[in-house]
Amino acid sequence: MSKKALGILLDLESQESCGSPSFMSHTPSKDPQPTSGDDDGGDVGMIPLEEWLPITESRKGNVFTATFHLLCSGLGFQVLLLPAAFAALGWVWGIIILTVGFAWKLYTTWLLVHLHEAVHGTRFSRYLRLAIASFGVKLGKLLGIFPVMYLSGGACSILVITGGKTIKQLVHIMSEDDTVPLTTLQFSNLNSLLDSLIGGVMAVAYSTAVWSLPLTRDPQSQNNVTYAIKDTSFDNIFNAIGLIAISLRGNNLILEIQGTLPSDSKNPSSKTMWRAVVISHLIIAVCMFLVSIVVYWAYGDEIPATGGPIGNYLTLYEQDYSKRAACFIHITFIFNCLCSYPINLMPACDNAEMVYVTKRQKPCSVFVRMMLRVSLGLVCFFIAVGFSFLPYLAVLIGAVALLVTFTYPCFMWISIKQPEMKSLMWLINVFVGSLGASLSVLLVVASALFLAEKGLHANFFRP
């Protein structure tokens, strides 16, 4: 256990218990009975934040619930970008980079799962909480707030955009009329097992449809498929690597999902969580690799290698397969967007309630909770309508958020666990964390160059 981390936690708890917390900070699990302050106006005692906030108010989860939460958060619409990455990288480098990236994500997931209860008596049920304990209050918030909030609110805004555009495409397929007007709209919901169950099943369903349909193509059509890489420039190659990197998602929710599981000395939550991670990631790996390999094999360089709109190559499916098949892909995709929305928004909802609870020293009522979530939903909707070109900036902005997946967990492990300098775990984490930081910088530069070359149509408030 790190004495420095424990000291930071105690200092942060002292700030929070006085009712003036710094934004985004959280109190670890304590005795559910709050202690009262002095009658002469002294400091208010500790309040049971963990029992009052939505992420940790119930710790009755199990392997089944954790698996579907992980599946819904880890297998998203970004999987449809993988064939475009392969079109830019080719067979060999596409497979190598996807394999290395997936193994890298699995390793940092293992680190986070075992850091959840790294400090005795404390459960880090929120990613930012662990960042603050690892790097200090100021540096932890500086490094963690933007990527964590982007992966929460930003992901929800992109879900609004992609979900709405997919509905528009579905209407076009069914009516074959480009003049049908449609407004982008998204309905938020609470983070529940039902959401994750439906969302996970829908993600597997459209992924399976996307890779299985090309297997039914006429074998003669494969004779005309070529796999030539048309653009080998630095910015195009690294933009493709960025598409693979942003598809390896979900680490920002690992600690939150683990926070819903029960834990004791005999059965720590890490055992249950790791079983759920293994099961969910086996399914995710199958979907990701099959979508990447089979779709690229079927269409080759016909797939636009520039990314752009999610699954922009799906227009090929409308030509090659029945209308029913195209509708099935779009409908399952829409349901996945709807069900992924609440689980991605949950960290933002939790933070908003934390501010209210620590200020008012009482749990949120049903009405207050509803209004907070409606307000956050409106913010996401406003961003989606005002900045509907955000999916084109996914690699540029997402490169900064990649630190949450590939870099921070390594240095968190060193800070909290304090392995002996130059030991195997110390060397591995320093190397992997440094490599992740370097990759993030390269992706930001490459994406900026890519946008400068290709241009960006910034259609403000025109979804």
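The shown structure was predicted, so the numbers you read here are calculated from the model rather than taken from an experiment.
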**OP:** Return the orientation label for the Trp110 and His114 ring planes: parallel under 30°, perpendicular over 60°, tilted otherwise.
**Re:** tilted

Quiz: residues 243-253 side-chain donor-acceptor pairs under 3.5 angstrom, not counting sequence neighbours:
| residue | atom | partner | partner atom | Å |
| --- | --- | --- | --- | --- |
| Ser247 | OG | Ile244 | O | 2.5 |
| Arg249 | NE | Gln78 | OE1 | 3.2 |
| Arg249 | NH1 | Ser73 | O | 2.8 |
| Asn251 | OD1 | Lys105 | NZ | 3.4 |
| Asn251 | OD1 | Thr109 | OG1 | 3.0 |
| Asn251 | ND2 | Thr108 | OG1 | 3.0 |

Original post:
Which heavy atom of Thr407 sits nearest a heavy atom of Gly433, and at what distance?
Top reply: CG2-O, 3.3 Å

Subject >> Rounded distance (nearest 0.5 Å) linking atom CG of Leu255 with atom CE of Met412 >> reply: 7.5 Å

**OP:** Compare every heavy atom of Ser292 with every heavy atom of Leu98, then report the nearest pair and how far apart it is.
**Re:** CD2-OG, 3.6 Å

Original post:
Are any side-chain N or O atoms of Ser152 and backbone N or O atoms of Val148, one a donor and one an acceptor, separated by less than 3.5 Å?
Top reply: no

Original post:
Of Phe335, Phe328, Phe77, Phe333, which is the lone residue that meets ring-ring contact (aromatic ring centres under 6.0 Å, His included) with Tyr206?
Top reply: Phe333

Original post:
Any side-chain heavy atom of Leu128 sitting closer than 4.5 Å to one from Asn351?
Top reply: no

Subject >> Set of ring-ring contact (aromatic ring centres under 6.0 Å, His included) partners for Trp104, sequence neighbours left out >> reply: Phe406

Subject >> side chain to side chain contact (heavy atoms under 4.5 Å, CB included) between Ile284 and Phe102, worked out >> reply: CA-CA 10 Å; Ile284 292 171; Phe102 191 85; 4.0 Å; yes

Original post:
Does the side chain of His116 reach to within under 4.5 Å of the side chain of Ser270, using non-hydrogen atoms?
Top reply: no

Original post:
To the nearest 0.5 Å, what is the distance between SG (Cys339) and CG (Asn344)?
Top reply: 11.5 Å

Subject >> Val79 and Val210, any side-chain heavy atoms less than 4.5 Å apart >> reply: no

Original post:
Between Thr56 and Arg126, does any side-chain donor sit less than 3.5 Å from a side-chain acceptor?
Top reply: yes

Original post:
Can you list the steps and then say if Val160 with Ile383 is a side chain to side chain contact (heavy atoms under 4.5 Å, CB included)?
Top reply: CA-CA 9 Å; Val160 173; Ile383 294 173; over 6 Å; no

Original post:
Looking at Ala203 and Leu75, what are the two nearest heavy atoms and their distance?
Top reply: CB-O, 3.4 Å

Original post:
Are any non-hydrogen side-chain atoms of Leu115 and Lys417 less than 4.5 angstrom apart?
Top reply: yes

**OP:** Give a yes or no answer on whether the side chain of Ser157 reaches the backbone of Gly153 with a donor-acceptor pair at less than 3.5 Å.
**Re:** yes

**OP:** Please answer whether the main-chain N or O of Ile55 pairs with a side-chain N or O of Asp350 as donor and acceptor at a distance below 3.5 Å.
**Re:** yes

Original post:
Quick one: does Asn336's side chain have a donor or acceptor within less than 3.5 Å of a partner on Thr332's backbone?
Top reply: no

Subject >> Atom pair CG (Leu151) and CZ (Phe146), whose distance is rounded to the nearest 0.5 Å >> reply: 9.0 Å

Original post:
Taking only residues two or more places apart in sequence or in another chain, which ones pass ring-ring contact (aromatic ring centres under 6.0 Å, His included) with Trp211?
Top reply: none

Subject >> Cys364 side, atom SG; Met370 side, atom CE - distance, nearest 0.5 Å >> reply: 12.5 Å

**OP:** Would you check if the side chain of Ser134 reaches a backbone N or O of Leu130 as a donor-acceptor pair within less than 3.5 Å?
**Re:** yes

**OP:** Determine, step by step, whether Ile257 and Phe68 satisfy the side chain to side chain contact (heavy atoms under 4.5 Å, CB included) criterion, reporting the C-alpha distance in whole Å, the side-chain angles of both residues, the deciding distance to 0.1 Å, and the verdict.
**Re:** CA-CA 10 Å; Ile257 294 171; Phe68 278 101; over 6 Å; no

Original post:
Could you walk me through whether Ser125 and Gln258 pass the side chain to side chain contact (heavy atoms under 4.5 Å, CB included) check?
Top reply: CA-CA 7 Å; Ser125 298; Gln258 191 170 350; over 6 Å; no

Original post:
Any side-chain heavy atom of Leu112 within less than 4.5 Å of one from Tyr127?
Top reply: yes

**OP:** Considering non-hydrogen atoms only, spot the tightest contact between Tyr341 and Cys156 and give its length.
**Re:** O-SG, 3.4 Å

**OP:** Of all the heavy-atom pairs spanning Ser196 and Ile343, show the shortest one and how long it is.
**Re:** OG-CD1, 3.7 Å

Original post:
Quick one: are Trp274 and Val278 in side-chain contact, heavy atoms under 4.5 Å?
Top reply: yes

Original post:
Taking all atoms of both residues into account, what is the closest heavy-atom pair of Leu403 and Gly436, and its distance?
Top reply: CD2-O, 4.3 Å

Original post:
For Ser269 and Glu117, does a side-chain donor sit closer than 3.5 Å to a side-chain acceptor?
Top reply: yes

Subject >> Rounded distance (nearest 0.5 Å) linking atom CH2 of Trp91 with atom CH2 of Trp297 >> reply: 9.0 Å

Original post:
Is the side chain of Thr272 donor-acceptor paired with the backbone N or O of Val63 at a distance under 3.5 Å, no angle test?
Top reply: no

Original post:
Under 4.5 Å between any side-chain heavy atoms of Phe289 and Leu82, yes or no?
Top reply: no

Original post:
Can you tell me how far CZ of Phe135 sits from OH of Tyr408, rounded to the nearest 0.5 angstrom?
Top reply: 7.0 Å

Original post:
In this structure, are over 12 heavy atoms from other groups packed under 6.0 Å from Trp426 atom CH2?
Top reply: yes

**OP:** Report yes if some heavy atom in the side chain of Val277 is under 4.5 Å from a heavy atom in the side chain of Leu106; otherwise report no.
**Re:** yes

